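The structure appears below as structure tokens.
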Amino acid sequence: MSSERRKPYPFHQIEPKWQAIWKERQRFHAPNPGDKNFDQSKPKFYILDMFPYPSGAGLHVGHPEGYTATDIVARYKRMRGFNVLHPMGWDAFGLPAEQYAIKTGKHPAITTRENVAKFKRQLQRIGFSYDWQREINTTDPRYYKWTQWIFLQIYNSWFNPATHKAEPISTYRGENPDEVRLAYVADVPVNWCPELGTVLANEEVVDGKSELGGFPVVRRPMRQWMLRITAYAERLLNELERLDWPEAIKLLQRNWIGRSEGTEIDFEIADRGSRSTDSRIRVFTTRPDTLYGATYMVLAPEHSLVDLIVTEEQWPAIREYRARAAQKSDLERTDLAKEKTGVFTGAYAVNPVNNERIPIWVADYVLLGYGTGAIMGVPAHDQRDLEFAQKFDLPIREVVQPPGDENPIGFVGEGIAINSPIIEGLPTGEAKKKITKWLEQHDAGKGAINYKLRDWLFSRQRYWGEPLPILWKSGKHEALSENELPVVPPLLDDYKPTGTGEPPLAKAKDWVRYSDRALRETNTMPQWAGSCWYYLRFCDPGNDKRFVGEKAERYWMGSAKPGGVDLYVGGTEHAVLHLLYARFWHKVLFDLGYVSKPEPFQRLVNQGIILGEDNQKMSKSRGNIVNPDDVIDQYGTDAFRCYEMFMGPLEQMKPWSMRGVEGVARFLARVWRLFVVENQEGNWVLSGRIIQVDPKKAQRKMTHATIKKVTEDIESFSFNTAISQMMIFVNEFTNAETIPLSAMRTFLVLLNPFAPHLTSELWERLNAKFRDDLRDITEQEWPGYDQRFLVEDDVEIAIQVNGKVRDRMRMSTSATHNEIKTAALTNPKIQKFTTGKVVRNVVVVPKRLVNIVV
RNA sequence: GCCGAUGUGGCGAAAUGGCAGACGCAACGGACUUAAAAUCCGUUGGGCCGUAACAGGCCCGUGCCGGUUCGAGUCCGGCCAUCGGCACCA
């Protein structure tokens with residue numbers, strides 16, 4: 001009872017009411033081209049959220065932050081006359097459901113269904129205007145059938161370096177197509193996590209531990225499926241340019257791709273006769289100008305040449321060193337980075353520029369995976385080489401003269417080449433070019449580009465993922481035919497990892513035995529697979545003939561720009577992984593002619609993390625998690641939505657505050673009471689103050705100023721200041737004697753994207769009394785403003801003396817420069833500061849201020 | 001170590017190079033009420049001078065130091081702190 005009174009307005013009735021109406025009328029369903037009710041005349045706008053992994057814990061207030069922002073834009077764009085595609089779905093394959101199944105024996109499909117239901121109910125309570133007819137779930141066979149289908153396209157393609165794009169494998173003229181497929185099998189050292197019983201992608205390993213669970217990860221060679229994303233390194237890098245993404249995110253991707261320009265140099269191995277590839281060590285360096293400073297070479301411990309060059313007496317030491325290096329986890333390899341280790345092979349190489357014999361070492365500070373897996377050691381001009389040389393007493397030779405009087409030893413910047421006959425006296429840039437050219441002429445090297453990006457380790461030894469649609473026949477892999485898709489994983493009683501690295505699916509013996517001669521692949525895809533193309537499926541989610549219909553794809557993903565999705569909002573945590581993988585898949589599909597644009601996401605916006613009230617990251621252990629349901633119970637979802645946006649700039653990290661929610665709820669209650677009053681029976685009835693009358697000049701100005709501000713702020717994602725402006729609007733009208741209907745209608749439309757339930761209700765109540773516009777608020781057009789109503793007749797101008805405000809005056813906006821100047825100079829308070837001094841300068845800023853310099 | 005982002009009242013924040021602190025929270029005062037809640041109105045960066053009390057006035061203030069400018073939260077240079085990413089990438 002008393003708690004009943006405490007509720008500022010009956011949101012608990014209004015909100016379910018309007019949600020039911022929207023659902024019943026399918027108000028936010030977007031028909032596809034060719035469908036009934038499709039309006040060809042409108043332009044399209046595709047607004048996408050990063051779809052969630054439906055965890056058992058349910059939504060927390062961080063999820064709806066981005067979702068609210070996109071919902072505001074979606075509702076706004078519809079009123080601006082766009083066909084808006086605004087879908088939602090579930091990224092539901094992944095480890096947590098499987099871990100839960102291992103613990104409880106409950107099938108992941110069941111927990112997934114439960115979690116999805118929970119998430120969906122929570123999202124629907126917030127009143128998002130998703131087209132739920134387009135809901136998709138990556139674990140639905142009707143969905144992953146096409147994930148598997150896309151994998152087959154990748155498997156059946158190769159990257160043609162001549163055309164610089166993917167082509168069907170049938171166009172490959174080489175002997176063994178398996179060597180060039182975009183999906184291939186390789187024995188690679190992988191990040192094996194014994195605890196999780198799976199390998200992890202490099203990106204899933206953080207500080208030598210699994211990103212999920214924080215378990216130790218060790219290096220171990222295993223036979224794995226790989227996707228040749230490195231073939232696309234250059235395009236992934238270059239084509240970032242035309243995307244409207246935050247520069248910081250682009251930079252993150254650029255750094256991840258890690259393009260580096262340099263030179264490959266071949267060193268002959270000394271005392272070996274023939275000039276075969278076996279007798280050369282190829283290194284990659286970005287500083288070929290320091291070649292004369294190379295005093296030793298290093299091979300990565302796993303480098304295949306090691307076996308060929310090690311001398312008899314050095315074998316035991318090398319063998320031992322390699323064994324130790326192989327056992328080292330990533331954590332050890334990085335943690336012990338300070339102290340360099342290595343072993344001499346006993347062999348020597350010949351420096352091509354001066355025929356000097358230099359020793360060849362093995363050391364684990366050289367990585368097999370980058371460049372050629374071998375380096376030339378130039379201790380004078382490389383920090384790592386210097387540490388190594390100092391530890392093992394190798395010679396240090398200065399070949400670059402720093403500008404200034406810096407010590408050349410340890411100098412890694414650009415300078416002048418010294419002690420280097422071919423390039424003596426040249427600045428670094430020219431020296432690099434000249435020596436590279438010399439090496440090319442002498443068949444000892446060439447310019448080269450290297451990328452940090454590695455191929456994508458695509459198989460997981462897990463149950464809850466898409467099975468790879470592959471068969472094995474006498475040791476050779478082979479694609480399943482498309483009409484056998486989807487490959488549905490068998491039911492298992494035991495999901496536990498085998499611990500040997502063999503996937504759990506191997507336990508389903510009958511399933512694995514495809515035929516007498518063929519076995520099924522038992523690895524599954526990583527969690528990223530489903531999210532690599534979900535934005536395409538949203539365009540045409542029910543299509544059972546194609547992963548997306550051509551017409552639907554061309555319409556929704558069409559654009560004058562490279563990217564098809566017009567707006568994509570999500571967290572920064574996906575800056576490199578999801579966004580890079582999705583771009584890669586998209587480009588393959590583009591090359592093969594399946595999609596019409598080279599990039600998936602044109603504009604990207606990252607929302608910031610919401611912290612707990614204690615300014616700490618929200619976490620179960622801190623007990624500072626805020627559940628949207630609790631907030632909505634108490635203040636209503638319109639208040640929840642508005643608070644999420646009022647907190648501060650979308651991109652910023654910011655702490656939650658229940659007090660803040662209360663403040664925004666008070667604002668919405670003021671809006672409510674501006675329109676309706678409680679009569680003596682305790683019923684809310686429309687306020688008699690609202691009448692069909694022309695607004696007063698000040699009211700009209702306020703209305704137009706609010707239209708302008710809210711419109712511009714939505715366009716620029718400054719939702720917090722849009723709400724501020726609407727608060728100012730309401731404050732201005734709260735005590736007005738008469739309230740013009742037209743201004744109120746305009747205001748409700750402006751507020752509608754933010755607080756759709758409240759505004760729908762008030763709009764309906766206006767319609768019940770006034771018969772001037774009977775359409776629903778969601779069918780309204782977004783109001784425009786008239787600049788003429790914003791101009792002031794007179795304005796306050798600050799008068800400064802030497803930059804300090806000493807007085808203010810009101811002046812007509814039409815006052816001339818000289819009038820303002822004179823008024824300022826004759827102002828008595830100002831004269832106090834100017835008498836007896838020479839006025840050196842008067843700066844007049846029209847409509848703002850005057851600055852008198854004395 | 002390298003790269004990036006951020007730094008403004010008690011708090012969340014706002015400010016095309018032009019009156020710092022809009023809007024909101026909290027706090028305080030008042031109105032309404034038997035009372036409380038709710039609501040409405042007002043005050044609220046710091047310091048100093050001034051006055052019986054008002055009024056009024058002055059100085060300082062956007063992480064720190066310097067610069068450009070008539071004028072800097074905003075532009076430039078150097079530093080510090082916090083957060084995020086990368087981290088033997090040759």
Side-chain angles (χ1 to χ4, degrees), chain A residues 2-3 5-8 207 246-252 254-256 258-260 262 283-287 290 298 333-334 336-338 340 363-367 369-378 381-385 387-388 412 450-454 572-573 575-576 608-609 613 615 617 642-643 646-649 651-664 666-667 669-670 673 718 720-728 730-731 734-735 796-808 829 832 840-854:
Chain A
S2 63
S3 72
R5 270 201 65 79
R6 204 173 286 228
K7 274 177 188 146
D207 291 335
E247 274 312 311
I249 298 297
K250 288 192 190 179
L251 194 66
L252 236 45
R254 286 195 189 107
N255 291 344
W256 191 264
R259 182 180 196 271
S260 145
V283 303
F284 174 75
T285 176
T286 55
R287 290 300 297 270
T290 63
V298 183
R333 233 170 135 148
T334 34
L336 304 176
K338 308 261 177 305
K340 295 276 179 291
D364 68 0
Y365 83 91
V366 172
L367 309 172
Y370 183 78
T372 59
I375 61 150
M376 61 181 196
V378 184
H381 305 293
D382 182 284
Q383 193 52 44
R384 298 148 302 184
D385 295 347
E387 284 165 23
F388 191 80
V412 297
N450 248 293
Y451 297 93
K452 245 160 74 176
L453 184 70
R454 315 289 169 84
T572 334
E573 65 272 20
V576 278
I609 294 171
E613 300 226 36
N615 247 300
K617 220 172 206 168
C642 289
Y643 175 66
F646 187 64
M647 289 171 82
E651 298 87 344
Q652 209 163 88
M653 186 188 286
K654 45 207 178 283
W656 187 264
S657 157
M658 276 305 184
R659 300 272 201 188
V661 185
E662 221 171 295
V664 173
R666 272 204 282 268
F667 159 65
R670 277 205 304 281
R673 289 193 308 270
S718 310
N720 53 333
T721 47
I723 293 171
S724 295
Q725 179 62 33
M726 290 190 277
M727 287 173 168
I728 294 168
V730 170
N731 291 346
T734 292
N735 292 316
E796 192 179 76
I797 293 182
I799 312 173
Q800 298 181 335
V801 178
N802 289 341
K804 283 182 180 153
V805 180
R806 297 303 182 178
D807 200 16
R808 295 155 220 277
K829 281 191 191 163
K832 238 171 60 189
R840 301 213 322 258
N841 191 12
V842 180
V843 181
V844 177
V845 183
K847 295 181 203 174
R848 289 195 178 268
L849 59 71
V850 181
N851 189 12
I852 298 163
V853 187
V854 292

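What you see is a predicted model, and the numbers here were worked out from it, not measured in a lab. Here is how names work: the chains are called A, B, and so on, in the same order as the sequence lines, proteins then strands, and each is numbered from 1.
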Any side-chain N or O of A:Arg666 below 4.0 angstrom from OP1/OP2 of B:rC25?
yes
Considering only the P atoms, how many Å lie between B:rA81 and B:rC88, rounded to the nearest integer?
24 Å
Which whole-number value in Å describes the distance from A:Asn450 CG to B:rA90 C1'?
9 Å
Using whole Å, what does the distance between atom P of nucleotide B:rC70 and atom CZ of A:Arg840 come to?
9 Å
Using heavy atoms and a sub-4.0 Å distance, could you list which residues of residues 654-662 of chain A are near RNA chain B? By number, please.
A:Lys654, A:Arg659
Check each residue of residues 369-376 of chain A for a non-hydrogen atom within less than 4.0 Å of any atom in RNA chain B, then write out the ones that pass by number, or none.
A:Tyr370, A:Ile375
Only counting residues at least two apart or in another chain, list the ones meeting salt bridge (Lys or Arg N to Asp or Glu O under 4.0 Å) with A:Lys617.
none
Contacts of A:Asn450 that satisfy side chain to side chain donor-acceptor pair (under 3.5 Å) - sequence neighbours left out:
none
d(CD, A:Gln800; C1', B:rG17) in whole Å:
12 Å
Between A:Ile728 and A:Phe284, whichever has its closest RNA chain B nucleotide further toward 5' is A:Ile728
Does A:Lys832 have any salt bridge (Lys or Arg N to Asp or Glu O under 4.0 Å) partners at least two apart in sequence or in another chain, and if so, which?
none
Side-chain N or O of A:Asn615 versus OP1/OP2 of B:rC11: is the shortest distance under 4.0 Å?
no
Counterpart residues, side chain to side chain donor-acceptor pair (under 3.5 Å), relative to A:Arg259 (two or more places apart)
A:Glu261
Tell me whether the NZ or CZ atom of A:Lys340 lies within the 45° cone about the ring axis of A:Tyr365 and under 6.0 Å from its centre.
yes
Could you check how far CD of A:Glu613 sits from C1' of B:rC25, rounded to whole Å?
12 Å
Pair up each side-chain donor or acceptor in residues 796-803 of chain A with any protein partner under 3.5 Å, not counting sequence neighbours, and list the distances.
unit_1	atom_1	unit_2	atom_2	d
A:Asn802	OD1	A:Val854	N	3.1

So, does the side chain of A:Asn841 form a donor-acceptor pair with the base of B:rC70 at under 3.5 Å?
no
Nucleotide B:rC40, atom C1' - distance to CZ of A:Arg670 in whole Å:
10 Å
What is the separation between atom OH on A:Tyr365 and atom P on B:rC88, rounded to the nearest whole Å?
13 Å
With syn defined as a glycosidic angle within 90 degrees of 0 and anti as anything else, the base of B:rG7 is anti
Interatomic distance where NZ belongs to A:Lys617 and C1' belongs to B:rU82 [whole Å]:
14 Å
What is the separation between atom CG on A:Asn255 and atom P on B:rC3, rounded to the nearest whole Å?
10 Å
Give a yes or no on whether the backbone of A:Thr721 and the side-chain of A:Ser718 come within a donor-acceptor separation of less than 3.5 Å.
no
Determine: side-chain N/O of A:Gln652 to OP1/OP2 of B:rA13, distance under 4.0 Å, yes or no.
yes
ring-ring contact (aromatic ring centres under 6.0 Å, His included) partners of A:Tyr451, counting only residues at least two apart:
none
Which part of the nucleic acid does A:Asn802 contact within heavy-atom distance under 4.0 Å: base, sugar-phosphate only, or nothing?
nothing
P atom, B:rU33 versus B:rC28: distance in rounded Å?
23 Å
Name all residues meeting the side chain to side chain donor-acceptor pair (under 3.5 Å) criterion together with A:Glu662; count only those two or more places apart in sequence or in a different chain, and write none if there are none.
A:Tyr635
Does A:Met658 offer a backbone N or O that forms a donor-acceptor pair with the side chain of A:Tyr643 under 3.5 Å?
no
Just the atom pairs and distances: protein N or O near nucleotides 54-60 of chain B's N or O, under 3.5 Å.
unit_1	atom_1	unit_2	atom_2	d
B:rC58	OP1	A:Arg806	NH1	3.3
B:rC59	OP1	A:Arg806	NH2	3.4
B:rC59	OP2	A:Arg806	NH1	3.2

Does A:Ser260 or A:Arg673 map to a spot on RNA chain B nearer the 5' end, using the closest nucleotide for each?
A:Arg673
Quick check on B:rA22: is either OP1 or OP2 less than 4.0 Å from any side-chain nitrogen or oxygen of A:Asn731?
no
Contacts of type salt bridge (Lys or Arg N to Asp or Glu O under 4.0 Å), residue A:Lys654, not counting sequence neighbours
A:Glu65
Which one, B:rC86, B:rG18, B:rA90, comes nearest to the side chain of A:Val843?
B:rG18
Base-pair map of RNA chain B as dot-bracket, where | denotes pairing with a different strand and pairs are Watson-Crick or G-U under 3.5 Å
(((((((..(((.....[....))).(((((.......))))).(((((......)))))..(((((..]....))))))))))))....
Presence of donor-acceptor pair under 3.5 Å, side chain of A:Lys452 and base of B:rC86
no
